[in-house]
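All values derive from a computational prediction rather than experimental measurement. Residue numbers run from 1 in the order of the sequence given.
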Amino acid sequence: MALLVSLLIGSTLLGANIFGLTQSLRKPGLGVTDHEQLRFIPEVVWSYSKSLDEIEGLQRLDSREEIAEQANMIINRSLVHIDWERVDPREYRQLVPFWENYFLWAIGRFTDLPQFNRYHYADYRRSLQRGIGICGDASTALSSVMDRFNVPNEIISFKGHVIVEYEAENGVRALLDPDFGVSLGTSLQNLERNNEKVRERYLSAGYSEREINYLFEAYDRDYVIFDDTYHFMTQRYLFEKASYLLKWLLPFVLIFIPIFWAYRIRRRGNHR
């Protein structure tokens with residue numbers, strides 16, 4: 001009986017994984033039919049394939065500054081900023097679907113852990129595939145892309161907002177806000193003395209005084225610097241990576257055990 005249960009569970013999980021390969025992690029109509037649920041509405045919501053193509057195109061650029069500035073624009077156009085705590089977590093795939101990863105789904109479904117109830121991906125490719133995010137998602141995605149192209153960078157986490165600082169070949173450091181799609185034009189060290197210059201950049205990008213005032217309240221607070229995405233979300237980064245490996249390994253083990261057991265019994269019978 002136990003072997004039959006093992007075979008049934010293993011087959012179900014494997015079937016869910018295979019079914020998931022045919023599904024989109026992105027909510028249908030994202031950024032087109034749900035404007036009332038978005039904080040920032042892009043003119044065009046880039047597809048996952050479009051985002052990946054644009055990221056691949058970064059290898060044609062010559063300088064760190066060009067790569068960083070272009071990557072900032074790509075991430076901004078690839079992630080739609082939703083009202084993270086108010087939208088339906090199933091509709092927007094914040095609760096990771098069973099067919100995507102049943103480990104993440106089970107923790108989000110049966111526990112009260114907010115980091116799994118409304119999950120933030122560590123792997124930037126899955127964030128882009130899902131197409132939604134807030135400042136932390138955008139900043140870890142931008143940091144990961146810049147790491148890929150060997151652009152030195154750090155994630156700067158204020159209480160209320162997260163941005164990224166990179167270093168150009170000449171040692172000059174500059175801040176980028178991928179959530180808002182703005183290049184701040186100054187370093188973290190000089191942010192306070194260049195407040196008006198930075199404010200003008202947000203205004204030129206079309207953001208309201210209310211939005212900008214909120215940002216500057218965050219910029220006046222203490223901050224924490226992280227080396228990269230792994231440093232920013234170490235435990236989740238490792239668990240996510242392991243869960244995506246184990247989601248395939250577990251069903252094969254559950255299916256293999258009863259098949260192997262049946263094979264051994266049959267072999268013993270043939271030798272009697």
After noting the C-alpha distance and the side-chain angles of D177 and R201, does the key distance pass the side chain to side chain contact (heavy atoms under 4.5 Å, CB included) rule?
-> CA-CA 11 Å; D177 184 345; R201 293 206 171 203; over 6 Å; no

side-chain hydrogen bond (donor to acceptor under 3.5 Å, both in side chains): which pairs involve residues 44-55, sequence neighbours left out?
-> S47-S49, K50-E54, S51-S78

Side-chain contact, heavy-atom cut-off 4.5 Å: L175 with Y219?
-> no

For residues 128-147, the side-chain hydrogen bond (donor to acceptor under 3.5 Å, both in side chains) pairs (sequence neighbours left out) are H120-D137, S143-N153, S144-T229, D147-N153

V87 and Q94: which non-hydrogen atoms are nearest, and at how many Å?
-> CG2-OE1, 3.3 Å

Trace of the side chain to side chain contact (heavy atoms under 4.5 Å, CB included) decision for Y166 with L142 = CA-CA 10 Å; Y166 75 94; L142 176 59; over 6 Å; no

Any link between L215 and I156 through a network of hydrophobic side chains (Ile, Leu, Val, Met, Phe, Trp, Tyr) touching at under 4.5 Å?
-> yes

For atom CG of N170, is the number of surrounding heavy atoms from other residues, nucleotides or ligands below 6.0 Å larger than 12?
-> yes

Does CZ belonging to F252 count more than 12 external heavy atoms closer than 6.0 Å?
-> no

Just jot down the side-chain hydrogen bond (donor to acceptor under 3.5 Å, both in side chains) partners of R125, sequence neighbours excluded, or say none.
-> D123

Test side-chain hydrogen bond (donor to acceptor under 3.5 Å, both in side chains) applied to D34 - qualifying residues, sequence neighbours left out = K27, Y92

Are there more than 12 heavy atoms of other residues, nucleotides or ligands under 6.0 Å from atom NZ of K197?
-> yes

Would I132 and M73 show up in the same hydrophobic cluster when neighbours are defined by side-chain heavy atoms closer than 4.5 Å?
-> no

Give the cluster check for V198 versus Y223: same hydrophobic cluster or not, with ILVMFWY residues linked at side-chain heavy-atom distances below 4.5 Å.
-> yes

So which of W248, F98, W99 actually passes side-chain contact (heavy atoms from CB on, under 4.5 Å) with N17?
-> W248

In the single-linkage hydrophobic clustering (I, L, V, M, F, W, Y; side-chain heavy atoms under 4.5 Å), do V162 and M233 co-cluster?
-> yes

Taking the side chain as every heavy atom from C-beta outward, state whether I75 and L128 have any atom pair closer than 4.5 Å.
-> yes

Do L58 and I74 come close enough that some side-chain heavy atom pair is under 4.5 Å?
-> yes

Residues 169-206 vs ring pair (Phe, Tyr, Trp, His ring centres under 6.0 Å), sequence neighbours excluded, gives F40-F180, H161-F180, F180-Y202, F180-Y207

N190 (side chain) donor-acceptor with T186 (main chain) under 3.5 angstrom | no

For Y214, all residues meeting ring-ring contact (aromatic ring centres under 6.0 Å, His included), sequence neighbours excluded | none

Would you say E209 and R199 make side-chain contact, with heavy atoms under 4.5 Å?
-> yes

Please indicate whether E192 has more than 12 foreign heavy atoms, meaning atoms of other residues, nucleotides or ligands, lying under 6.0 Å from its CD.
-> no

With the side chain counted from C-beta on, respond yes when L191 and E165 share a heavy-atom pair under 4.5 Å apart, and no when they do not.
-> no

Kindly check if the number of other-residue, nucleotide or ligand heavy atoms within 6.0 Å of CD (Q189) is above 12?
-> no

Contacts of Q70 meeting side-chain hydrogen bond (donor to acceptor under 3.5 Å, both in side chains) (sequence neighbours excluded), chain-then-number -> none

Partner set under ring-ring contact (aromatic ring centres under 6.0 Å, His included) for Y230, not counting sequence neighbours | Y237

Counterpart residues, ring-ring contact (aromatic ring centres under 6.0 Å, His included), relative to F256 (two or more places apart) | F260

Hey, mind stepping through R173 and L188 against side chain to side chain contact (heavy atoms under 4.5 Å, CB included) and telling me if it holds?
-> CA-CA 8 Å; R173 303 181 70 87; L188 179 64; over 6 Å; no

Quick one: are H231 and E154 in side-chain contact, heavy atoms under 4.5 Å?
-> no

Report yes if the side chains of L4 and L8 come closer than 4.5 Å at any heavy-atom pair, otherwise no.
-> no

CZ of R221: more than 12 outside heavy atoms within 6.0 angstrom?
-> yes

Please list, one pair per line, the donor and acceptor atoms closer than 3.5 Å that link side chains of residues 100-115 to other protein atoms, with sequence neighbours excluded.
unit_1: E100; atom_1: OE2; unit_2: Y244; atom_2: OH; d: 2.6
unit_1: N101; atom_1: OD1; unit_2: F103; atom_2: N; d: 3.0
unit_1: N101; atom_1: OD1; unit_2: L104; atom_2: N; d: 3.1
unit_1: N101; atom_1: ND2; unit_2: S243; atom_2: OG; d: 3.0
unit_1: Y102; atom_1: OH; unit_2: K247; atom_2: O; d: 2.7
unit_1: T111; atom_1: OG1; unit_2: I107; atom_2: O; d: 2.4
unit_1: T111; atom_1: OG1; unit_2: L113; atom_2: N; d: 3.3

Measure the shortest side-chain to side-chain distance between D220 and F158 over non-hydrogen atoms and say whether it is less than 4.5 angstrom.
-> no

Applying ring-ring contact (aromatic ring centres under 6.0 Å, His included) to Y119 and not counting sequence neighbours gives F116, Y121

Under 3.5 Å: donor-acceptor pair, side chain of E66, backbone of L61 = no

NZ/NE/NH1/NH2 to OD/OE distance under 4.0 Å, E56 and R148 = yes

So which heavy atom on L79 is nearest to which on S127, and how close?
-> CD2-O, 3.3 Å

Within one Ile-Leu-Val-Met-Phe-Trp-Tyr cluster: I9 and I259, side-chain cutoff 4.5 Å | no

Mind jotting down which residue pairs meet the salt bridge (charged side-chain N to carboxylate O under 4.0 Å, His left out) criterion with at least one end in residues 69-85? Sequence neighbours excluded, please.
-> D83-R86, E85-R118

